[in-house]
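Contents: one structure, followed by commentary.
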Amino acid sequence: MLNTNCEALREEIMLVIRAFDCEDEDFTHYFSSSCGKFFNSIEYAGRFYDFEEEYKADDELVFKRLAKRSCKLAFYKVISSAKGKSLPWGALTGIRPTKLAYNEIADGRDFEKLFSDACVSPENTALVKKILEVQKGFYKKGGQDLYVSLPFCPSKCDYCSFITAPIENTRKFVGEYVNCIVKELYSIKPFIDNLRSVYIGGGTPFVLDNAQLTPIYAAINELFGSNFEYTVEAGRPDVFTEEKCALAKEYGVNRICVNPQTFNDETLKKIGRKHTAEQTLSAYAMAEKYGFDINIDLIAGLADETAEDFAYSLERAISLSPAAITVHTLSLKSGAKLKENTKKLFVAGIGEMINISREKLTAAGYEPYYLYRQKYQAGGFENVGWAIRGKACVYNIDVMEEITDNIAVGANAISKRLFGDEDRIERYATPKDIPTYIAKLEKIIADRKNLFE
């Protein structure tokens with residue numbers, strides 16, 4: 001239990017406490033500031049700790065940001081020392097370490113010093129530095145990215161928190177849902193003048209048939225052409241067909257996601273997947289034949305897998321030579337079946353898995369090009385996208401670094417508008433529930449218009 005005299009800092013402090021799995025332990029915290037200094041006093045496990053730190057803040061927003069950093073670092077040092085344990089990202093708790101690095105650079109400061117002061121591991125600081133180097137050919141502020149949400153899947157995986165439900169339960173909504181997507185696409189035309197990428201995600205878009213996908217492709221083609229990175233998160237191997245690949249190619253799609261998560265059949269059964277590793281290889285070959293750049297997703301820490309199991313999947317993925325491979329660290333997510341049955345994640349060997357991914361992907365010629373973190377990730381690690389040089393996914397960079405407007409259509413879709421001069425972002429989220437989304441379509445269109453006009 002945390003007792004603090006500054007409730008405005010509670011949420012930030014709890015992020016650190018949760019990272020060490022200490023929510024059930026008692027902490028007393030007193031915060032104050034005076035004469036350009038922060039003071040944090042902490043009582044924990046019968047001992048008292050005092051921290052004093054100088055700061056410079058030109059306005060209230062900067063003051064609040066620095067105060068949060070100060071208290072998080074104080075708690076990190078206390079718990080790390082008491083437990084004899086360090087975390088790979090130290091006292092950094094945000095989901096976008098690279099964006100933090102960019103902000104430091106923009107303000108004329110050395111992000112590596114900030115990371116060092118926050119006790120980030122040297123390896124992770126080097127990882128962020130490398131990502132910033134790789135992004136130089138892609139990083140560009142301004143313009144728009146379009147996201148199309150198709151929340152339909154063959155079945156729901158244990159770790160998944162998306163709104164997706166098995167297609168057999170939602171098939172009755174598909175026709176009307178597609179009509180709504182098309183109507184939304186026409187409504188956003190006035191807001192797009194520099195489209196950098198389109199990403200059709202899910203769910204598993206390829207679970208829909210060609211007759212259902214065609215109106216969406218056709219609307220995008222008519223409204224925006226095809227002179228941009230165009231990705232379909234086709235998804236699970238068991239829904240791939242020659243006809244779906246051919247249709248996507250016909251309408252200008254140039255990147256496809258094949259997401260096996262693992263190449264171990266026993267694990268696939270445990271997590272609720274209804275395909276095999278062999279089907280993944282067949283789907284990959286099918287997509288490759290049509291000349292798509294191919295993304296592959298893997299998850300480290302699935303269903304009792306060992307480091308050797310994960311290494312096997314990674315080697316199989318590398319052997320295919322896809323344009324990009326994203327390595328996710330298993331995370332407990334609200335709404336996922338896994339979280340219903342698991343309070344905390346303890347994945348044996350997760351650190352070894354992450355190290356293996358970095359070593360093997362680097363050796364195979366892949367470079368890290370984007371990174372993000374999530375709450376309750378095993379071992380406090382992260383998700384990293386790796387790509388062959390020149391083959392990074394623009395959409396992933398834009399979204400993670402928040403450097404473009406993101407116009408999102410469909411259920412459970414979050415649009416973001418950047419106000420660069422004011423250094424702020426406004427968001428608009430559509431309803432998660434498919435019937436509610438359909439019923440409120442006109443309001444959604446009007447609300448989005450108010451945001452982007």
Side-chain angles (χ1 to χ4, degrees), residues 123-124 126-127 130-131 133-135 137-138 159 229 231-238 240 245 254-268 271 273 275-303 305-330 347 349-372 377-379 381-397:
E123 294 79 10
N124 280 351
L127 175 66
K130 179 64 176 178
I131 289 172
E133 291 175 4
V134 173
Q135 287 187 356
F138 302 90
Y159 54 81
E229 177 188 271
T231 304
V232 175
E233 190 179 13
R236 302 195 197 184
D238 48 330
F240 272 70
C245 288
N254 47 47
R255 187 177 289 257
I256 288 284
C257 300
V258 182
N259 298 334
Q261 318 301 19
T262 177
F263 281 85
N264 293 290
D265 286 342
E266 192 58 36
T267 304
L268 289 168
I271 64 176
R273 288 256 172 164
H275 66 84
T276 64
E278 191 61 36
Q279 285 175 296
T280 297
L281 299 177
S282 297
Y284 186 94
M286 196 181 299
E288 189 176 39
K289 185 171 68 174
Y290 286 87
F292 298 115
D293 285 337
I294 302 174
N295 296 351
I296 284 183
D297 279 11
L298 298 175
I299 299 178
L302 284 175
E305 284 199 342
T306 64
E308 290 75 18
D309 293 329
F310 174 74
Y312 169 77
S313 291
L314 185 63
E315 289 164 0
R316 293 295 296 273
I318 290 172
S319 71
L320 297 172
S321 299
I325 299 174
T326 298
V327 176
H328 300 267
T329 301
L330 185 65
V347 178
I350 189 65
E352 186 179 355
M353 295 180 198
I354 299 304
N355 288 336
I356 287 171
S357 70
R358 295 182 183 185
E359 291 170 3
K360 288 186 178 294
L361 285 162
T362 300
Y366 287 84
E367 298 176 321
Y369 77 95
Y370 83 106
L371 176 156
Y372 69 102
Q377 282 193 291
F381 287 96
E382 70 289 316
N383 308 312
V384 179
W386 298 77
I388 295 294
R389 180 163 296 185
K391 292 293 186 178
C393 179
V394 170
Y395 181 84
N396 286 334
I397 293 173

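Note that these values count all heavy atoms, side chains included, but never hydrogens, waters or copies made by symmetry. Counting begins at 1 with the first residue of the sequence.
- Smallest separation of non-hydrogen atoms from Q279 and D238: NE2-CB, 3.9 Å.
- Of the possible donor and acceptor atoms, none in the side chain of E367 sits under 3.5 Å from a partner among the backbone N and O of I388.
- Within 6.0 Å of CD on E133 lie more than 12 heavy atoms contributed by other residues, nucleotides or ligands.
- Here the side chains of V384 and T326 are not in contact, with every heavy-atom distance at 4.5 Å or above.
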(message) For a side chain to side chain donor-acceptor pair (under 3.5 Å) check, start with the C-alpha distance between N396 and Y369, then their side-chain angles and the critical distance, and finish with the verdict.
(response) CA-CA 9 Å; N396 286 334; Y369 77 95; 3.1 Å; yes
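- Residues L127 and R358 are in side-chain contact: their nearest non-hydrogen atoms beyond the backbone lie under 4.5 Å apart.
- Not counting sequence neighbours, D297 has no partner by the salt bridge (charged side-chain N to carboxylate O under 4.0 Å, His left out) test.
- Panel note: side chain T267, backbone F263; no donor-acceptor pair is recorded below 3.5 Å.
- Interatomic distance, I256 CD1 to M286 CE, rounded to the nearest 0.5 Å: 11.5 Å.
- Taking CG of N254 as the reference point, atom CG of D293 lies at 6.5 Å (rounded to 0.5 Å).
- Two residues are said to be in side-chain contact when any heavy atoms from C-beta on lie closer than 4.5 Å; F292 and C245 meet this criterion.
- Between T262 and L298 there is no side-chain heavy-atom pair separated by less than 4.5 Å.
- Between the side chains of Q377 and N383, a donor-acceptor pair is found at a separation under 3.5 Å.
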(message) As a quick check of understanding, evaluate side-chain contact (heavy atoms from CB on, under 4.5 Å) for N259 and T280, giving each step before the final call.
(response) CA-CA 8 Å; N259 298 334; T280 297; over 6 Å; no
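- Using a 4.5 Å heavy-atom cutoff, the side chains of S357 and Y366 are not in contact.
- Within the model, atoms CG of L302 and CG of N264 stand 9.5 Å from one another, a figure rounded to the nearest 0.5 Å.
- For N295 and R255, the side-chain atoms include at least one donor-acceptor pair closer than 3.5 Å.
- Residues meeting the ring-ring contact (aromatic ring centres under 6.0 Å, His included) test with Y370, sequence neighbours left out: none.
- Applying the salt bridge (charged side-chain N to carboxylate O under 4.0 Å, His left out) test to residues at least two apart or on different chains, the pairs with a partner in residues 305-324 are E315-K360.
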